[in-house]
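What follows is one structure encoded as structure tokens, with my remarks underneath.
Position 1 is the first residue of the sequence, and the numbers go up from there.
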Amino acid sequence: MAPRQSKRQQREQEELEALAALEKTQKAVVEPGSDSADQIDPTAGELPKLSKTSLATGFAALTVNEDEEPVEESEEEEEVEQPQQKKSQAKKARSISQRRKKPASTPATAAPSESTGTPKAGHSKGKGKGKGPATPSEPSKASDDFDAILQQMSSKYPELKQAAAVTLQSAAKREFWKLLSVEATYLDGDEEMRRFFGSKVVDSAEAGSKKGGRGSRRTGHASSSAMSRYHLVKPPDTWAHILRSNQGGVAMEPVPEEELLRRKSTTFREEKWWTFTHSQSYKKAELRFLSAVAIGDPNAFAEILRESPWHIDTLLQLSEVFRQQEDYSHATELVERGILAFERAFAPSFNITSGLHRLDFERIENRPFFLALHRQVLQLERRGCMRAAFEHARLLYSLNPSEDPHGALLHLDYLAPRSGMNDWLLKLWDTWETVDSEESTGQGAPRLNPKFLPGMPYAKALAMWNLENQAGDKVHEKSTEALIEAILTFPSVVPVVADKAGINLSGEVRGLPSMRIEPGWIPSDPAESAIHLLSHLYAHRSVSIWKQPTHVEWMQKTISKIPLSQLGGGAKPGEMKPRPLLSGSLAFFAQGPTLDLFRHVIITENRSLIGFFSPSMVNHTTMHAYDPVPPASSVTNYDDAYFGQEMKRAFQREQQARARQMMQRFVQQQRAQGGMLPAGMADADLADPEVQRMLLQQLAAAQGGGAGLELNPPMQAGGMPGGFGDDDELEDEDEEDGAEAEGQGRGILQNLWDGLWGRPPIADDQDEED
């Protein structure tokens with residue numbers, strides 16, 4: 001008969017058995033094909049059942065010295081050796097009370113919380129009592145608790161399930177979302193100027209600018225808190241009184257997923273779609289704005305901004321007024337103010353640095369944000385802040401990369417090599433097709449592949465050349481191969497770039513049919529019209545890169561390496577098979593240049609390229625300066641559903657009364673000054689909108705302010721939407737009259753600007769410097 005073991009020896013034996021069982025279980029999990037794994041039923045739970053005492057002492061023994069033994073254990077051994085010896089009730093009570101009051105563990109060996117079912121280390125059970133009920137092993141219980149918590153959280157917060165799905169996306173998608181992530185550090189154009197020229201040079205240039213211009217506006221920032229809060233725009237100190245006003249009635253909310261799936265097939269499942277919303281007060285300001293546009297009164301815009309300083313359409317419309325007068329400082333400030341109005345309304349979870357957040361372009365509330373960003377890109381390019389322009393263009397592209405409604409890629413193929421973002425362009429080239437293939441659009445419209453744009457292969461070659469040059473590679477073998485592929489795929493780019501950059505082409509190359517420069521719309525081949533339009537757009541923007549002597553020489557040598565037969569020399573029309581990328585581009589633009597390209601050309605003011613669009617698109621597309629080229633289908637518009645009938649009727653009554661008063665004042669002023677009214681206008685009904693329009697246009701023309709703004713003017717080949725006047729008409733005027741009108745126009749605009757910021761108007765006889 002085996003000698004009887006003490007309780008301490010029994011606990012040690014149980015711990016050894018538990019460790020052996022755990023080791024056996026781990027081996028079965030690591031080696032699922034082994035025999036030990038077959039012997040364990042994962043559903044039966046036949047693990048050795050350990051008492052709380054054995055688990056507690058097993059971990060507590062790690063921090064106890066071998067020479068030191070707990071007092072409780074020594075007492076228990078004495079009780080085993082002398083079972084007949086009885087202790088007094090008082091001693092038992094004191095011992096139990098001490099054990100209850102004694103801390104469960106030292107700070108160095110703190111035991112897990114009791115809520116997890118794990119006993120405290122150092123506590124012993126009653127003398128001679130049976131073991132407590134067995135508990136499951138600690139890892140399995142913790143895993144069960146964790147799963148229960150996850151299930152509870154997923155039911156309470158459904159958006160967490162979508163976040164978990166994002167983590168399971170492919171490597172190509174992760175790379176693509178990263179490419180769309182904006183680096184907020186480089187969004188500030190002023191900081192980029194300081195990095196290039198130094199703070200002293202930039203500050204001195206700003207101080208030397210005329211009073212009221214951009215320089216004096218940038219002397220300081222509103223506050224450090226505002227600086228850290230906003231990324232797209234850093235508000236200057238002159239905006240302090242405006243920043244204290246309310247948000248302006250603009251908010252942001254997510255678009256229901258069911259609506260997107262019902263309308264669009266180009267969305268990715270990881271994307272989060274948003275839309276801006278307008279309050280009732282903002283809608284009232286919008287009604288006033290549309291009325292001001294209809295009658296063409298720029299002074300009405302100032303009144304709107306006095307009451308609603310964050311009304312975005314008014315800010316963007318006035319920006320165009322100043323830009324048409326070549327007052328780029330004030331035009332830039334108004335655009336930035338419009339962008340800041342949007343940024344103040346961003347939802348807390350809307351993140352421009354994640355690459356996953358989108359805006360629905362088919363909603364009228366969102367389109368001004370696209371327009372403001374696009375104009376900001378153009379202004380940054382004009383100032384030479386290429387990295388800031390790149391980041392803004394990347395943000396514009398990330399808002400809707402599947403469709404790119406404003407043609408941000410047509411900026412990025414130039415800005416990426418120009419700003420040193422060469423790796424970014426090459427990664428975009430490599431990842432897009434993989435990302436696009438993972439989620440098919442089905443029967444819906446295809447997504448825009450960046451490779452279908454003629455400028456992208458040339459930009460890829462330039463990016464590779466830049467990287468090789470940085471690495472000290474003077475041979476440029478790989479970049480030359482990429483340039484050859486670009487020339488063979490889109491040869492229509494070569495003659496346009498050559499003419500603008502001064503690249504010499506041989507007569508044989510010039511005479512090839514593939515090198516022919518098309519002047520405009522090709523009725524027999526709409527897709528070719530789109531290819532030639534895109535070639536002109538790329539050449540127009542990238543000429544500053546290709547005119548560099550090293551690139552001129554590189555292009556000339558590369559073209560000389562290509563056999564004429566590969567360029568189409570000697571082949572009959574139709575015999576040359578287009579390369580795969582060109583075939584895809586022709587299929588995508590099978591109907592000719594799209595509305596998105598038309599919108600891009602209008603905003604960038606490439607008027608000479610309007611001839612590449614079909615006459616039906618040019619003549620029948622709706623035009624507004626505040627919403628150039630709306631999409632063919634819109635979810636929301638400025639209509640009765642947006643405003644509501646009651647608001648519209650009340651506003652119309654108010655506007656009719658105001659218009660009648662304004663016309664009466666105008667007629668009285670004209671008569672008092674001896675001015676002549678148009679024939680038949682003296683006794684006309686001043687409440688008639690047509691009469692009001694004609695009188696206001698006469699007033700604007702007399703003061704040098706142009707013809708006024710049209711609500712929906714016809715699109716002419718040389719005109720800008722919004723009715724700001726035609727350059728050709730201005731050139732035919734007499735120089736002296738033109739100079740006088742220009743001065744008068746400046747006076748009107750300066751008074752308008754002073755009214756916006758609360759400054760008194762400038763008198764007619766006041767010096768311009770004052």
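- Qualifying salt bridge (charged side-chain N to carboxylate O under 4.0 Å, His left out) partners for Asp313, counting only residues two or more places apart in sequence or in other chains: none.
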Run Leu533 and Trp521 through side chain to side chain contact (heavy atoms under 4.5 Å, CB included) and show every step you take. CA-CA 9 Å; Leu533 167 66; Trp521 170 255; over 6 Å; no
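- Listed by first and then second residue, the ring pair (Phe, Tyr, Trp, His ring centres under 6.0 Å) pairs involving residues 372-400 are His374-His406, His374-His411, His374-His600, Phe390-Trp424 (not counting sequence neighbours).
- Between the Asn400 side chain and the Phe361 main chain, no donor and acceptor come within less than 3.5 Å of each other.
- Using a 4.5 Å heavy-atom cutoff, the side chains of Leu462 and Leu425 are not in contact.
- Once rounded to the nearest 0.5 Å, the distance linking CG of Asn606 with NE2 of His536 reads 11.0 Å.
- At least one donor-acceptor pair closer than 3.5 Å links the side chain of Glu343 to the backbone N or O of His231.
- A donor-acceptor contact shorter than 3.5 Å is absent between the side chain of Ser291 and the backbone of Arg288.
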Steps toward side chain to side chain contact (heavy atoms under 4.5 Å, CB included) verdict (Arg541, Thr604): CA-CA 10 Å; Arg541 192 165 288 130; Thr604 56; 3.7 Å; yes
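- With respect to Phe342, the ring-ring contact (aromatic ring centres under 6.0 Å, His included) criterion is satisfied by exactly one of Tyr230, Trp274, Phe369, Phe350: Phe369.
- Judged by distance alone, with hydrogens and angles left aside, the side-chain atoms of Asn366 form a donor-acceptor pair with the main-chain N or O of Asp360 at under 3.5 Å.
- Taking the six-membered ring where the residue is Trp, Trp239 and Trp310 present perpendicular rings, their angle passing 60° and hence far from 30°.
- Residues Glu192 and Arg383 are not paired through a salt bridge, judged by the lack of any N-O separation under 4.0 Å between the basic side chain and the carboxylate.
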In sequence, state the C-alpha distance, the side-chain angles, and the governing distance for Thr594 and Asp596, and then conclude on side-chain hydrogen bond (donor to acceptor under 3.5 Å, both in side chains). CA-CA 5 Å; Thr594 61; Asp596 296 337; 4.6 Å; no
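- A side-chain donor from one of Thr636 and Glu365 sits under 3.5 Å from a side-chain acceptor of the other.
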Under the side chain to side chain contact (heavy atoms under 4.5 Å, CB included) criterion, do Leu232 and Phe346 qualify, and how do the steps go? CA-CA 11 Å; Leu232 297 178; Phe346 282 173; 4.1 Å; yes
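- The shortest distance between side-chain heavy atoms of Leu290 and Glu286 falls below 4.5 Å.
- For the ring-ring contact (aromatic ring centres under 6.0 Å, His included) test with Phe289, the passing option among Tyr626, Tyr638, Tyr282 is Tyr626; the others fail.
- Ionic pairing of Glu307 and Lys284 is not present here: no N-O contact between side-chain nitrogen and carboxylate oxygen is shorter than 4.0 angstrom.
- Ser308 places no side-chain N or O within 3.5 Å of a backbone atom of Leu305 that could act as its donor or acceptor partner.
- Contact annotation: the side chain of Thr332 never approaches that of Phe322 to less than 4.5 Å [non-hydrogen atoms, C-beta and beyond].
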Start with the C-alpha distance between Arg394 and Leu415, add both sets of side-chain angles, then the distance that settles side chain to side chain contact (heavy atoms under 4.5 Å, CB included), and finish with yes or no. CA-CA 10 Å; Arg394 172 157 62 168; Leu415 290 172; over 6 Å; no
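- Under the salt bridge (charged side-chain N to carboxylate O under 4.0 Å, His left out) criterion, Arg418 pairs with no residue, sequence neighbours left out.
- The structure places CZ of Phe276 at 7.0 Å from CD1 of Ile312, a figure rounded to the nearest 0.5 Å.
- Of the possible polar contacts, none joining the Arg367 side chain to the Asp627 backbone as a donor-acceptor pair under 3.5 Å is found.
- For Glu191 and Arg195, the salt-bridge test fails: no basic side-chain N is under 4.0 Å from an acidic carboxylate O.
- Checked by atom type and distance alone, the side chain of Arg599 pairs as donor or acceptor with a backbone atom of Pro405 at under 3.5 Å.
- Side-chain atoms of Lys500 never come within 3.5 Å of backbone atoms of His540 as a donor-acceptor pair (strictly under, hydrogens ignored).
- A distance-only check finds no donor-acceptor pair linking the side chain of Arg375 to the backbone of Glu320 [under 3.5 Å].
- Here the side chain of Glu391 pairs no donor or acceptor atom with the backbone of Val182 at under 3.5 angstrom.
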